[in-house]
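I have placed the structure first, in the form of structure tokens, so that the comments after it can refer back to it.
Sequence positions, counted from 1, serve as the residue numbers for this chain.
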Amino acid sequence: MKRVAYILFLGCLFIGTTTATSQEMTREERIKALERLQAQDIEWEKNTLNVMSQNVPEEIETMSLPPLSVFLDAVEENATVKRAQSDIDEAKNELSLQKRDWWNLFSIHGNYSYGKYNMIGNASSEYTPLYQTTMSSAQHNYNIGASVTIPLGEFTNRKKKLKKYKYDIEQLQYTKEEIVENRQLMILDAYNTVTQLLSTIQAKAESAALYNAQMKILEYNFIQGKLDIASLAIERSRRSGAVTSYAEARVQLHNAIVLLEMLTNVRIINEK
């Protein structure tokens, strides 16, 4: 809008300073006026349009999107969905451990030893004073045993504990489904935005190209004195509006594609 207002103001300024119609301007004056306008257009495109489109690929409006199913299937690779699945796997593993917990009711123990044993004893007789005797021999010693412990509380509550783990797994699965559904809705919304922008950007590109071609004719008529500067300024403002709208649509399309890539990790824009 600022660009349009500026061009209109410039046209009025030319009218006010010349106090005459463009037909009364000399050909040289019309050429110089047009050169000033074109120089301002070049500066405007350099400072505005080029800055807006510096990160946007040239072929962005001609690229084609993969089918929607590709993006929806990719939701399983999302970190949030993977974490939800990891919680489910952890709960299933815990349930498996609880099902085998009854083995803890049984225990087997045993030990084995081998070595020499020394036996020291005291002996005496009527004619012999007290003396010590030592005996040494190699022996094998071992024992094996088993025991069963039945805690009544654990035994009676076992079935309910297993049900609790199953309910936990069920809740985690519902949580994952909810995450996947919300993620897919976000992907669907982003995909629709991209397709909508792709369908409208072609029309804006054609409109900008048409105004650019038409401007060449109008500038020629202005130099020939067939068009006054006020009419030229109005047409130039329309051309600037169409070009700006096209540039903004390219930026919006680029941002929408980047968002879709972030949601799905599916590469759409090929980086050079």
Side-chain angles (χ1 to χ4, degrees), residues 1 3-4 45-96 165-214 238-272:
M1 294 300 295
R3 172 69 179 170
V4 174
E45 291 179 0
K46 177 181 177 182
N47 297 331
T48 304
L49 296 184
N50 292 344
V51 173
M52 290 174 58
S53 304
Q54 61 182 354
N55 295 323
V56 181
E58 291 294 333
E59 68 282 0
I60 190 169
E61 63 264 24
T62 60
M63 64 175 52
S64 58
L65 283 178
L68 177 60
S69 59
V70 173
F71 298 98
L72 294 180
D73 293 341
V75 73
E76 294 292 338
E77 299 300 320
N78 179 261
T80 306
V81 178
K82 285 184 176 180
R83 184 174 60 185
Q85 182 60 48
S86 178
D87 292 339
I88 294 174
D89 294 339
E90 182 182 2
K92 288 182 177 179
N93 183 67
E94 186 65 27
L95 175 61
S96 178
Y165 282 104
K166 291 180 181 179
Y167 291 149
D168 290 342
I169 294 174
E170 186 177 351
Q171 291 297 323
L172 291 173
Q173 288 175 336
Y174 289 149
T175 300
K176 179 192 173 182
E177 291 175 2
E178 183 179 0
I179 293 173
V180 170
E181 182 179 354
N182 291 335
R183 199 78 183 180
Q184 287 181 337
L185 288 175
M186 295 172 62
I187 293 173
L188 179 61
D189 183 64
Y191 186 88
N192 290 337
T193 300
V194 172
T195 53
Q196 181 181 3
L197 290 172
L198 279 173
S199 63
T200 59
I201 198 172
Q202 293 294 338
K204 292 185 178 182
E206 293 173 0
S207 177
L210 179 62
Y211 270 107
N212 286 331
Q214 183 181 10
R238 292 174 179 172
R239 177 256 179 189
S240 298
V243 173
T244 302
S245 178
Y246 171 57
E248 291 176 346
R250 283 170 52 84
V251 174
Q252 292 174 358
L253 176 59
H254 179 261
N255 294 340
I257 290 177
V258 171
L259 176 60
L260 185 58
E261 288 181 339
M262 293 176 62
L263 290 173
T264 59
N265 292 324
V266 176
R267 180 61 61 185
I268 304 173
I269 301 175
N270 295 323
E271 297 181 357
K272 297 181 180 180

Ser86 (side chain) donor-acceptor with Lys82 (main chain) under 3.5 angstrom
no
Any sub-3.5 Å donor-acceptor pair from Asn192's side-chain atoms to Leu188's backbone N or O?
yes
With a 3.5 Å cut-off and no angle check, do the side chains of Gln171 and Tyr167 form a donor-acceptor pair?
no
Go through the steps for Glu76 and Arg183 under the test side chain to side chain contact (heavy atoms under 4.5 Å, CB included), then give the verdict.
CA-CA 10 Å; Glu76 294 292 338; Arg183 199 78 183 180; over 6 Å; no
Would one find more than 12 heavy atoms of other residues, nucleotides or ligands at under 6.0 Å from atom CD of Gln196?
no
Should we count CD of Glu94 as having more than 12 external heavy atoms under 6.0 Å?
yes
Provide the closest heavy-atom pair for Leu72 versus Gln184 in the form atom of the first, atom of the second, distance.
O-NE2, 3.6 Å
CG of Asp87 to CG of Asp168: how many Å apart, nearest 0.5 Å?
11.5 Å
State the CD-OG1 distance between Gln85 and Thr80, to the nearest 0.5 angstrom.
13.5 Å
Got a donor-acceptor contact below 3.5 angstrom from the Asn212 side chain to the Ala208 backbone?
yes
What's the verdict on side chain to side chain contact (heavy atoms under 4.5 Å, CB included) for Val243 and Tyr211, showing C-alpha distance, side-chain angles and the deciding distance?
CA-CA 8 Å; Val243 173; Tyr211 270 107; 5.8 Å; no
side-chain hydrogen bond (donor to acceptor under 3.5 Å, both in side chains) assessment of Glu170 paired with Tyr174:
CA-CA 6 Å; Glu170 186 177 351; Tyr174 289 149; 2.9 Å; yes
Could you measure the distance from the CD1 atom of Ile169 to the CG atom of Asn93? Nearest 0.5 Å is fine.
9.5 Å
Point-to-point distance, once rounded to the nearest 0.5 Å, from CG of Leu68 to CD1 of Ile187:
8.5 Å
With a 4.5 Å cut-off on side-chain heavy atoms, are Ile257 and Leu253 touching?
yes
Under 3.5 Å, is there a donor-acceptor pair between the side chain of Ser207 and the main chain of Ala203?
no
